[in-house]
Amino acid sequence: MRSLTPLLLLLALPACTVDPGVEYGSATLPLVDMHLHTGEWEDIPSATRRFLAERFPFPLGLDAEATAASVLTGEGVLAELDKAGAAEGVLFAVYAPRSVGITTNETVIEHIDADPGRLWGLASLRVDRWRTDRDAELAALDAALDHPRMIGVKLAHAHQHFRMDDVDYFGIYDVAQAHNAPVYLHTGPSPFPGTSQDAPYTDPAFLEAAITRYPGVSFILGHLGFDFIHGDEGALETCIRLAKEHDNVFLEPSAFGSSSGDPDQVHLPHALARIREEGLVDRVIYGSDGPQSPGFVNTYAERTIHAMTEAGYSADEARAVLSGNFARVFDVAPAVLP
Amino acid sequence: MRGAVGLLALLVIVAVVSPAEAMPRVHRPEFTKNGDPATFDILGGGSPEGAWAIELRGGYPWSSFRGQLGMRGGLTPLVDLQTALFKRWEPSLGFSGRIVDRPRGRLSGELLIGWTIETGEVPKNGPHAVARVRVMGILGRVAPWFAVATGHTVYVDETIRISENATETTLSARHEWAPVVEAGIAIAITKHVGIDLGFDWHFVGAPDRFALPGLHLGVQVGAGPRPPPMDFAR
């Protein structure tokens with residue numbers, strides 16, 4: 001039955017490949033999704049596997065491993081990007097063995113090879129044996145960033161259990177700065193089992209020391225500090241303040257605008273409206289936090305377009321959010337429509 | 001969804017508005033004048049006294065087995081086993097009965113109780129209950145049908161907290177709602193054998209969780225006394 005499932009999914013799901021680009025008013029805009037996950041199901045801790053399986057559409061969670069395999073490979077991610085009309089995507093390495101699991105830099109590079117013209121990667125490193133392994137981990141991060149498609153660093157203090165203001169870990173930013181690599185940071189309380197939810201691990205205010213010390217490093221505040229536990233905007237205003245006060249702070253509105261996290265489509269339009277009110281549209285980099293489940297990448301793009309429309313974004317502003325700001329911050333060629 | 005509501009409304013009208021002068025035994029179209037086909041009993045609900053019928057249904061993601069036997073007074077005990085991908089099992093016992101029985105249609109209800117067993121990444125099991133309403137329009141050998149159901153399962157979670165001095169066990173209950181919408185076309189090949197082709201949508205975990213719709217093909221077999229309707233017998 002497992003071999004039959006992908007075929008049946010194709011029959012059951014309305015998606016299929018769409019033309020590249022997304023419609024925004026009368027304009028067709030290129031889309032880059034800067035927040036995508038890849039990896040192996042067995043590398044995820046069992047509690048998180050159960051958490052994820054319960055959130056797959058029924059009956060996909062009954063055979064969660066097969067479902068995950070269909071979307072987590074490089075080919076699977078590309079298929080999800082195709083459904084969304086996205087030109088490019090960025091795969092995250094993750095080293096969080098006690099919460100969301102491990103996706104190594106090598107795995108990300110392997111999956112990027114599925115289509116090196118469309119996929120990029122963010123490298124990461126283990127921090128759970130920092131006292132003994134720090135130098136080796138920093139060296140491994142440095143080596144991963146030598147790969148031409150590995151263009152940034154991914155950190156999640158809440159999932160990796162280290163404080164945002166702990167200077168012992170600031171060597172990570174030295175490596176990022178040496179490679180001119182932006183650093184993506186998870187902010188806000190996380191729904192995953194095994195997460196450190198206290199403020200020093202989740203509140204972006206605790207990043208300010210690093211942001212100030214490393215003006216040459218771009219800090220991308222993932223999820224805009226959204227509180228996934230209580231389902232409210234959490235540290236949105238802190239993120240906005242940091243972006244206003246520091247030119248090296250950028251904003252990424254992934255995950256919290258999903259159909260489960262924002263069923264009434266309130267949070268994402270509000271966040272994007274606040275950012276526009278504060279004149280920070282040029283700091284927003286689009287990401288979905290997909291693939292999660294088949295069709296999620298496409299749905300999140302649609303919901304973001306809806307939110308930008310609600311918030312009054314012009315076509316040029318939408319273009320900046322969906323691809324232009326990514327190219328500028330990561331210093332890569334802008335995505336173009338064929 | 002709007003189409004499904006429209007189909008339900010049409011079938012209800014067909015079932016309820018058609019002539020009722022022959023109650024309690026009813027005038028059937030020519031094909032069924034010597035008793036309803038077993039296929040219509042399974043998908044329309046209820047069986048004549050002493051008649052039995054079974055159905056084997058295969059599909060994605062749901063497959064099922066059902067058997068029913070008509071009893072005196074119109075009550076029809078039934079046994080039902082449903083499975084999703086052979087990883088979620090729902091065995092049930094219950095009964096059905098015809099609420100409205102007309103020459104061109106039928107409205108029936110059924111109640112079942114049973115047990116849900118789910119394997120896979122999140123094993124769980126617990127008692128469930130299902131209430132279902134079926135509507136069928138009868139057009140000779142062909143009968144479009146529609147059913148809606150509400151299913152409720154209760155899972156009991158056991159949490160064991162082991163501390164230095166004691167082991168504490170607590171139980172808590174979770175409710176899972178699973179409304180179901182089904183529709184299809186039943187075709188009576190003979191009085192004893194028939195098939196149906198349809199779709200089914202089991203919203204397991206609603207409203208928080210999305211579910212994929214499914215397709216199925218069913219085969220029905222039945223026999224037993226099926227007395228002709230009274231007006232044909234005259």
Side-chain angles (χ1 to χ4, degrees), chain A residues 1-15 40-72 101 191 193 228 231 258-264 292-296 298-300 302-303, chain B residues 1 3 57-64 82-90 116-126 128 149 151-153 155 157-160 174-182 197-217:
Chain A
M1 181 52 98
R2 179 179 297 182
S3 61
L4 196 58
T5 299
L7 173 63
L8 293 166
L9 275 176
L10 287 176
L11 294 173
L13 291 173
E40 305 293 340
W41 184 249
E42 60 265 29
D43 292 334
I44 301 172
S46 59
T48 300
R49 287 205 302 261
R50 290 195 295 273
F51 175 87
L52 293 170
E54 288 272 76
R55 280 151 183 80
F56 285 154
F58 188 89
L60 304 184
L62 294 177
D63 196 352
E65 182 173 4
T67 301
S70 72
V71 296
L72 284 178
F228 288 94
S258 69
S259 54
S260 58
D262 191 9
D264 299 325
Q292 298 203 13
S293 59
F296 178 90
N298 178 48
T299 304
Y300 204 83
E302 291 176 348
R303 296 174 75 89
Chain B
M1 191 63 183
R57 180 187 287 187
Y60 178 88
W62 289 90
S63 300
S64 64
Q82 308 221 9
T83 178
L85 302 180
F86 304 101
K87 289 179 178 291
R88 179 184 171 100
W89 298 85
E90 297 179 358
T116 296
I117 304 154
E118 189 170 312
T119 61
E121 197 68 46
V122 189
K124 52 190 176 186
N125 68 85
H128 74 246
H152 302 268
T153 304
Y155 300 114
D157 296 322
E158 181 182 69
T159 303
I160 302 173
R174 279 183 296 140
H175 168 246
E176 179 186 80
W177 185 37
V180 181
V181 178
E182 301 173 86
L197 180 65
F199 88 91
D200 47 84
W201 206 335
H202 297 238
F203 297 90
V204 176
D208 299 326
R209 192 179 188 191
F210 183 69
L212 302 182
L215 296 171
H216 70 257
L217 176 65

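Numbers restart at 1 for each chain; the letters A, B, ... are given by sequence-line order, proteins then strands. Because the structure is predicted, anything quoted here is derived from the model rather than measured.
Of the possible polar contacts, one joining the B:W201 side chain to the B:A211 backbone as a donor-acceptor pair under 3.5 Å is found.
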Legend entry - salt bridge (charged side-chain N to carboxylate O under 4.0 Å, His left out) evaluation trace for B:E176 with B:R88: CA-CA 14 Å; B:E176 179 186 80; B:R88 179 184 171 100; 2.8 Å; yes
Inset, instruction - Walk me through it: do B:F86 and A:L62 pass the test side chain to side chain contact (heavy atoms under 4.5 Å, CB included)? - result: CA-CA 9 Å; B:F86 304 101; A:L62 294 177; over 6 Å; no
Inset, instruction - Go through the steps for B:H152 and B:W177 under the test side chain to side chain contact (heavy atoms under 4.5 Å, CB included), then give the verdict. - result: CA-CA 5 Å; B:H152 302 268; B:W177 185 37; 3.3 Å; yes
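Partners of A:T299 according to the side-chain contact (heavy atoms from CB on, under 4.5 Å) rule, which considers only residues two or more places apart in sequence or in another chain, are A:R303.
The closest side-chain heavy-atom distance from A:P59 to B:Y60 is below 4.5 Å.
The contact list for residues 41-51 of chain A toward chain B, using heavy atoms and a distance under 4.5 Å, reads A:W41, A:R49, A:R50 by residue number.
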